[in-house]
Chemist: 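First, the structure itself, so that you have it in front of you.
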Amino acid sequence: MASAIRRAAVAGTWYPGTAAAVAAAIDGHLANADRDARDITGTLAALICPHAGLMYSGPVAAYAYRLLRRRPFDVAILVGPSHFVGFDGVSIYPSGGFETPYGVAPIDQPVAQALLAASPIVREHPAAHAREHSLEMQLPFLARLAPDVPIVPLVVGHQTAETARRLGDALAAAVRGRNALLIASTDLSHYHDAETASRLDRVVLDCVERFDADALQAALDDNPEHACGGGPMVSVMRAARLAGARDAAVLRYADSGDVSGDKSAVVGYAAAALGNFTG
């Protein structure tokens with residue numbers, strides 16, 4: 001069983017490599033989001049967050065992660081796509097921890113073992129985690145806002161509908177009786193002009209707003225370009241619904257051109273929350 005510390009792969013490039021610098025960046029994004037973000041009251045089951053470089057995705061992700069304030073969790077389960085390693089099923093890093101500029105984020109071994117027991121599609125494949133940024137890009141926000149919460153890292157290989165369904169069921173089984181936060185890591189469409197990107201991304205946002213994992217899966221089956229982490233989104237939406245969540249809210253949408261100024265070939269980013277909201 002893997003038990004080593006997974007070393008940060010993109011610290012110092014995709015986000016600042018020191019605790020002070022990354023904290024300042026995160027706090028700046030949170031302050032900007034706080035100025036016009038909508039308040040979500042009630043219980044939180046899951047977040048959907050982007051995973052590009054912090055200067056691009058951070059302004060959007062902050063709208064989701066700000067909701068962790070005054071909401072305690074026992075574990076955060078991160079589900080993201082594999083960008084570098086192709087494989088069937090889902091790779092879990094079952095013990096040890098993930099290095100961050102703040103220190104090591106420990107892995108919740110009991111929850112990891114529960115996931116391994118819940119479905120044979122969840123297995124160890126350490127190579128899938130070595131270079132992968134989709135989970136690592138969540139850690140600066142998590143470590144800043146929920147520093148004492150252990151994590152369970154899951155990287156999805158080939159994103160089939162069957163894998164998404166089975167992982168969703170396994171996640172629901174593993175979080176039963178636990179105060180768990182599910183996090184789906186995904187960017188949306190890639191390298192279209194902003195108008196085309198907005199049209200493609202609206203399909204995903206509509207499915208999320210309706211809390212309809214099946215409709216999202218159908219859209220991805222029709223056109224996988226909608227999202228690089230579509231499978232993780234479907235799995236997390238399915239698991240949150242099975243765990244009793246009934247509400248969904250899209251909190252923010254933007255594209256990379258909002259930062260770079262280049263609207264000719266953008267990547268779409270969204271932040272969303274699932275749970276049981278009041279008010």
Side-chain angles (χ1 to χ4, degrees), residues 40 42-51 61 63-69 71-81 90-94 98 105 107-119 121-122 132 134-139 141-143 145-146 149-156 159 163-187 204 207-209 211-214 216-217 227 229-251 270-277:
I40 297 290
T43 59
L44 183 65
L47 298 176
I48 297 170
C49 300
H51 57 233
Y63 281 78
Y65 279 109
R66 66 186 293 276
L67 300 181
L68 299 192
R69 296 188 184 116
R71 284 186 169 97
F73 291 97
D74 297 330
V75 61
I77 304 176
L78 285 64
V79 188
V90 181
S91 171
I92 190 168
Y93 207 91
F98 271 37
I107 289 171
D108 189 316
Q109 288 185 244
V111 177
Q113 290 302 311
L115 278 163
L116 282 164
S119 176
I121 70 162
V122 179
E132 184 52 56
S134 65
L135 305 186
E136 184 175 336
M137 289 309 301
Q138 310 309 317
L139 298 182
F141 277 103
L142 267 180
L145 290 164
V149 177
I151 64 171
V152 177
L154 297 165
V155 171
V156 179
Q159 295 184 45
T163 293
R165 181 186 65 79
R166 294 175 69 185
L167 178 57
D169 292 347
L171 288 167
V175 303
R176 192 169 296 122
R178 292 182 167 98
N179 182 22
L181 175 69
L182 301 171
I183 300 173
S185 173
T186 187
D187 292 339
V204 174
C207 293
V208 173
E209 286 175 336
F211 206 156
D212 193 336
D214 291 339
L216 177 55
Q217 184 63 63
M233 262 198 300
V234 171
S235 296
V236 164
M237 289 173 67
R238 178 177 177 84
R241 177 73 83 180
L242 289 171
R246 64 173 183 268
D247 300 316
V250 172
L251 307 170
L274 310 172
N276 290 311
F277 306 143

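Atoms considered below: every heavy atom in the structure, side chains included; atoms not considered: hydrogens, waters and symmetry mates.
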Chemist: To the closest 0.5 Å, what do you measure between CD1 (I92) and CD1 (I107)?
Modeler: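 It is 8.0 Å, given to the nearest 0.5 Å.
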Chemist: Mind checking what makes side-chain contact (heavy atoms from CB on, under 4.5 Å) contact with N179, not counting sequence neighbours?
Modeler: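 Scan of N179 (side-chain contact (heavy atoms from CB on, under 4.5 Å), adjacent residues dropped) gives F73, D74.
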Chemist: What are the two closest heavy atoms between A64 and L251, and how far apart are they?
Modeler: CA-CD1, 3.7 Å
Chemist: side-chain contact (heavy atoms from CB on, under 4.5 Å) with A239: which residues, sequence neighbours excluded?
Modeler: L171, A172, L182
Chemist: Please name the pair of heavy atoms, one in P232 and one in P81, separated by the smallest distance, quoted to 0.1 Å.
Modeler: CG-N, 3.8 Å
Chemist: For L242 and G168, which heavy atoms make the closest approach, and how far apart are they?
Modeler: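 Nearest heavy atoms, L242 then G168: CD1-O, 4.3 Å.
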Chemist: Just verifying a value: how many Å separate M137 CE and L142 CG, rounded to the nearest 0.5 Å?
Modeler: 12.0 Å
Chemist: List the residues meeting side-chain contact (heavy atoms from CB on, under 4.5 Å) with A248, not counting sequence neighbours, and say none if there are none.
Modeler: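 Once residues adjacent in sequence are excluded, the partners of A248 under the side-chain contact (heavy atoms from CB on, under 4.5 Å) criterion are F211, L274.
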Chemist: Using a 3.5 Å distance criterion without hydrogens, assess whether the side chain of Q138 forms a donor-acceptor pair with backbone atoms of G80.
Modeler: no
Chemist: What closest approach, in Å, do M237 and V208 show between heavy atoms, and which atom pair accounts for it?
Modeler: CE-CA, 4.0 Å
Chemist: Can you tell me how far apart CD (E209) and CG (D247) are? Round to the nearest 0.5 Å.
Modeler: 12.5 Å
Chemist: Which heavy-atom pair separates Q159 from G231 by the least distance, and what is that distance?
Modeler: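 Closest approach of Q159 to G231: OE1-N, 2.7 Å.
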Chemist: What pairs with T186 under side chain to side chain donor-acceptor pair (under 3.5 Å), at least two apart in sequence or on another chain?
Modeler: none
Chemist: Starting at CG of L47, measure out to CZ of R66 and round the result to the nearest 0.5 Å.
Modeler: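 The CG atom of L47 sits 12.0 Å away from the CZ atom of R66.
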Chemist: Flag the pair L78 / V152 as yes when at least one side-chain heavy-atom distance between them is below 4.5 Å, and no otherwise.
Modeler: no
Chemist: Could you walk me through whether Y65 and I183 pass the side-chain contact (heavy atoms from CB on, under 4.5 Å) check?
Modeler: CA-CA 10 Å; Y65 279 109; I183 300 173; 3.6 Å; yes
Chemist: Filter on salt bridge (Lys or Arg N to Asp or Glu O under 4.0 Å), then keep only pairs touching residues 230-243, sequence neighbours left out; what's left?
Modeler: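 Qualifying pairs: D169-R238.
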Chemist: Could you tell me which residues satisfy side chain to side chain donor-acceptor pair (under 3.5 Å) with R71, sequence neighbours excluded, listed by chain and number?
Modeler: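 None.
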Chemist: Mind checking the CD1-CG spacing from I77 to L135? Nearest 0.5 Å is all I need.
Modeler: 12.0 Å
Chemist: Start with the C-alpha distance between L181 and L44, add both sets of side-chain angles, then the distance that settles side-chain contact (heavy atoms from CB on, under 4.5 Å), and finish with yes or no.
Modeler: CA-CA 7 Å; L181 175 69; L44 183 65; 4.1 Å; yes
Chemist: What is the ring orientation for F98 with Y93, classed by angle as parallel under 30°, tilted 30 to 60°, or perpendicular over 60°?
Modeler: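 Ring orientation, 0 to 90° scale: perpendicular.
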Chemist: For side-chain contact (heavy atoms from CB on, under 4.5 Å), just list the numbers for I151 and D108, CA-CA rounded to whole Å, side-chain angles, deciding distance to a tenth of an Å, and then say yes or no.
Modeler: CA-CA 6 Å; I151 64 171; D108 189 316; over 6 Å; no
Chemist: For the residue pair S185 and H51, confirm or rule out a side-chain donor-acceptor distance under 3.5 Å.
Modeler: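 Yes.
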Chemist: Please identify each residue that fulfils side chain to side chain donor-acceptor pair (under 3.5 Å) with E136, with sequence neighbours left out.
Modeler: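 Testing E136 for side chain to side chain donor-acceptor pair (under 3.5 Å), a comparison that skips the adjacent residues, returns R6, Y15.
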Chemist: In sequence, state the C-alpha distance, the side-chain angles, and the governing distance for M233 and V204, and then conclude on side-chain contact (heavy atoms from CB on, under 4.5 Å).
Modeler: CA-CA 10 Å; M233 262 198 300; V204 174; 3.6 Å; yes
Chemist: Going by the rule side chain to side chain donor-acceptor pair (under 3.5 Å), which residues pair with S119 if we only count those two or more places apart in sequence or in a different chain?
Modeler: none
Chemist: Could you give the distance from OG1 (T43) to CG (N276), rounded to the nearest 0.5 Å?
Modeler: 4.0 Å
Chemist: Could you pull out the closest heavy-atom pair between T163 and I121, with the gap in Å?
Modeler: O-CD1, 3.7 Å
Chemist: What pairs with A164 under side-chain contact (heavy atoms from CB on, under 4.5 Å), at least two apart in sequence or on another chain?
Modeler: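 So A164 forms a side-chain contact (heavy atoms from CB on, under 4.5 Å) with Q217, V234, S235.
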